[in-house]
Structure formats: C-alpha cells, structure tokens
Peer 1: 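Take a look at this one; I'll ask things after.
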Amino acid sequence: SAVISQKPSRDICQRGTSLTIQCQVDSQVTMMFWYRQQPGQSLTLIATANQGSEATYESGFVIDKFPISRPNLTFSTLTVSNMSPEDSSIYLCSVHQMNTEAFFGQGTRLTVV
Amino acid sequence: AQTVTQSQPEMSVQEAETVTLSCTYDTSENNYYLFWYKQPPSRQMILVIRQEAYKQQNATENRFSVNFQKAAKSFSLKISDSQLGDTAMYFCAFPAGGTSYGKLTFGQGTILTVHP
C-alpha cells in the first residue's frame, strides 16, 4: 500500500493568482497522476508525472496552466496558474503500483473567487 | 479509446437492503483489471473491490460483490446489508492498457444514499 499526504486540503483563492498543491508519498513510485474533479462530476486525468522527465498532459490540459514538478520518486507538485472561477474543483494526486490498486491523496478543494 | 459508463446518476436504498450499481465499459484488451471506488463526503477515494478479467469467479469483499460479465463488458457492484456509512459517490474505473497500474478512466459516478 501507499500513504499519500496532500496539501493544502482546501483553499480559497483570488482570480488571477496561482496555487501550488503538494503530494508526498511514503514510498518510491514511478508514476504519479493528477486528476481534477469538477463539482458533482467524475475525475478527469490532468497529467502523468514521471521523475526526471516532463509531465505528460491529457487533451485539454496544458503545461502553462498546470505546471507540474516531480523532483524525486516520492514527491510532486501541481500548480494551478492564473486561476479563474472555472478552476474551482477538487484536485487529487494518485499513485499506482504494480499489481495493486491506485491510492489517492485526500484531495484539495479549490475555490476561486 | 476506453470508455466507462455508469447510467445511474443517483440511487437510494433502505438500510439493511441490497442495491446494485451498474457499469459498462468498452475496451479491446483481453486481460485487464476493473475497479470500484467509493468517495464519501470526506473526498477520500477508497477502493471497494477489484476484478481481474482472466478470473471467471466474481470478486467478493465482505458485503460487496461484483457481477462481471466479460462478453457483455458489464461490471456491476452489489452492496448487501447496506449501511449508513455506505452513503457515497461510487465510481467504476478502468486502467489504461488494462493493467493494474495504468492511469484510470472513471465512469460518471453514482451517488448512493442509504436511508435509515
């Protein structure tokens, strides 16, 4: 199993500002994933973060808006840049390991005003 | 591309009764995993149960079981003896490439409410 600590748990931000979300895992993992969950909706993958290389973004998500860092095998950050009210969502990080299920952080509830 | 469909946006059940949540998927993979996740109001995603497609036997975890129909690409979740703590949003999920550790595609979710 993997224990994931995600910070902050929630935040209220002004439009035009940026927020960085941190994800710390208690073991080394190859891939980390960042998801967005808009209000009342399902989870959508933003990007896959691999250590030592640039993140791979899904269609509809771009690096300038959601820059990701992956400095080592236990840590990653997602930044939501130049925020607008449409960015109000829950953001979750996740790790998957061979032959186990995915584990998730507690999520960050972001409200942009 | 893989798709996962949950056709029941909301379900409700009385405490101690049984409820079944539906999920269908589309894939060209032959061997793969399928998952049901639960998300209570705390936002924490919790694995409920997983099924490996090469296993013909349906997975069971205590009060939770699945009805896996590979040919029909159907993967329903049955919750027996429902409890108030089962109130949550439930997601069916399929990993990329069918593996146990790929990025996940989620269904739309089903909000389950258990009434006392």
Peer 1: For the pair A:Ser42 (side chain) and B:Gly107 (backbone), establish whether a donor and an acceptor sit closer than 3.5 Å, ignoring hydrogens and angles.
Peer 2: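 Yes; at least one donor-acceptor contact below 3.5 Å.
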Peer 1: More than 12 foreign heavy atoms under 6.0 Å from CZ of B:Arg63: is that the case here?
Peer 2: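 Atom CZ in B:Arg63 is packed in, count exceeds 12.
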Peer 1: Scan B:Gln39, B:Met45, B:Arg43 and name whichever one has a side chain to side chain contact (heavy atoms under 4.5 Å, CB included) with A:Phe104.
Peer 2: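 Only match with A:Phe104 under side chain to side chain contact (heavy atoms under 4.5 Å, CB included): B:Met45.
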Peer 1: Determine, using the 4.5 Å side-chain heavy-atom cutoff (strictly less than), whether A:Leu45 and A:Trp34 are members of one ILVMFWY cluster.
Peer 2: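 No; A:Trp34 is not reachable from A:Leu45 via cluster members.
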Peer 1: Distance check, rounded to the nearest 0.5 Å: A:Gln37 atom CD versus B:Phe106 atom CZ?
Peer 2: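 If we round to the nearest 0.5 Å, A:Gln37:CD and B:Phe106:CZ are 8.5 Å apart.
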Peer 1: Could you tell me which portion of A:Gln41 (side chain, backbone, both or neither) has an atom closer than 4.5 angstrom to a non-hydrogen atom of chain B?
Peer 2: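 For A:Gln41, the backbone is the part near chain B, not the side chain.
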Peer 1: Counting heavy atoms not belonging to B:Ile46, are there more than 12 under 6.0 Å from its CD1?
Peer 2: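 Yes, enclosed.
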Peer 1: Does B:Lys78, at its NZ atom, have more than 12 non-hydrogen atoms belonging to other residues, nucleotides or ligands within less than 6.0 Å?
Peer 2: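 Check fails, neighbour count at 12 or below.
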Peer 1: Let me know if A:Leu43 has heavy atoms under 4.5 Å from chain B in its side chain, its backbone, both or neither.
Peer 2: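 Both parts, backbone and side chain.
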Peer 1: Do the side chains of A:Ile21 and A:Tyr57 join up, straight or via other hydrophobic residues, at under 4.5 Å, putting them in one cluster?
Peer 2: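 Yes; tracing contacts between hydrophobic side chains, which count when under 4.5 Å, links both residues.
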Peer 1: Against chain A, label B:Ser42 side chain, backbone, both or neither, depending on which of its atoms sit under 4.5 Å from a heavy atom there.
Peer 2: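 Just its backbone gets close to chain A.
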Peer 1: Tell me whether A:Phe75 is reachable from A:Val25 by hopping between hydrophobic residues (I, L, V, M, F, W, Y) whose side-chain heavy atoms are closer than 4.5 Å.
Peer 2: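 Different clusters.
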Peer 1: Check each atom of B:Leu104 against the heavy atoms of chain A and say whether the ones under 4.5 Å are side chain, backbone, both or neither.
Peer 2: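 Both parts, heavy atoms under 4.5 Å.
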Peer 1: Under 4.5 Å heavy-atom distance to chain B, tell me which part of A:Gln6 shows up: side chain, backbone, both or neither.
Peer 2: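 For A:Gln6, no heavy atom lies under 4.5 Å from chain B.
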Peer 1: Got a sec, which pairs hit salt bridge (Lys or Arg N to Asp or Glu O under 4.0 Å) with one end in residues 41-58 of chain A, sequence neighbours left out?
Peer 2: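 Passing the test, one end in residues 41-58 of chain A: A:Glu58-B:Lys103.
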Peer 1: Is A:Thr30 close to chain B through its backbone or its side chain, or both, or neither, when contacts mean heavy atoms under 4.5 Å?
Peer 2: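 Neither part; nothing is under 4.5 Å.
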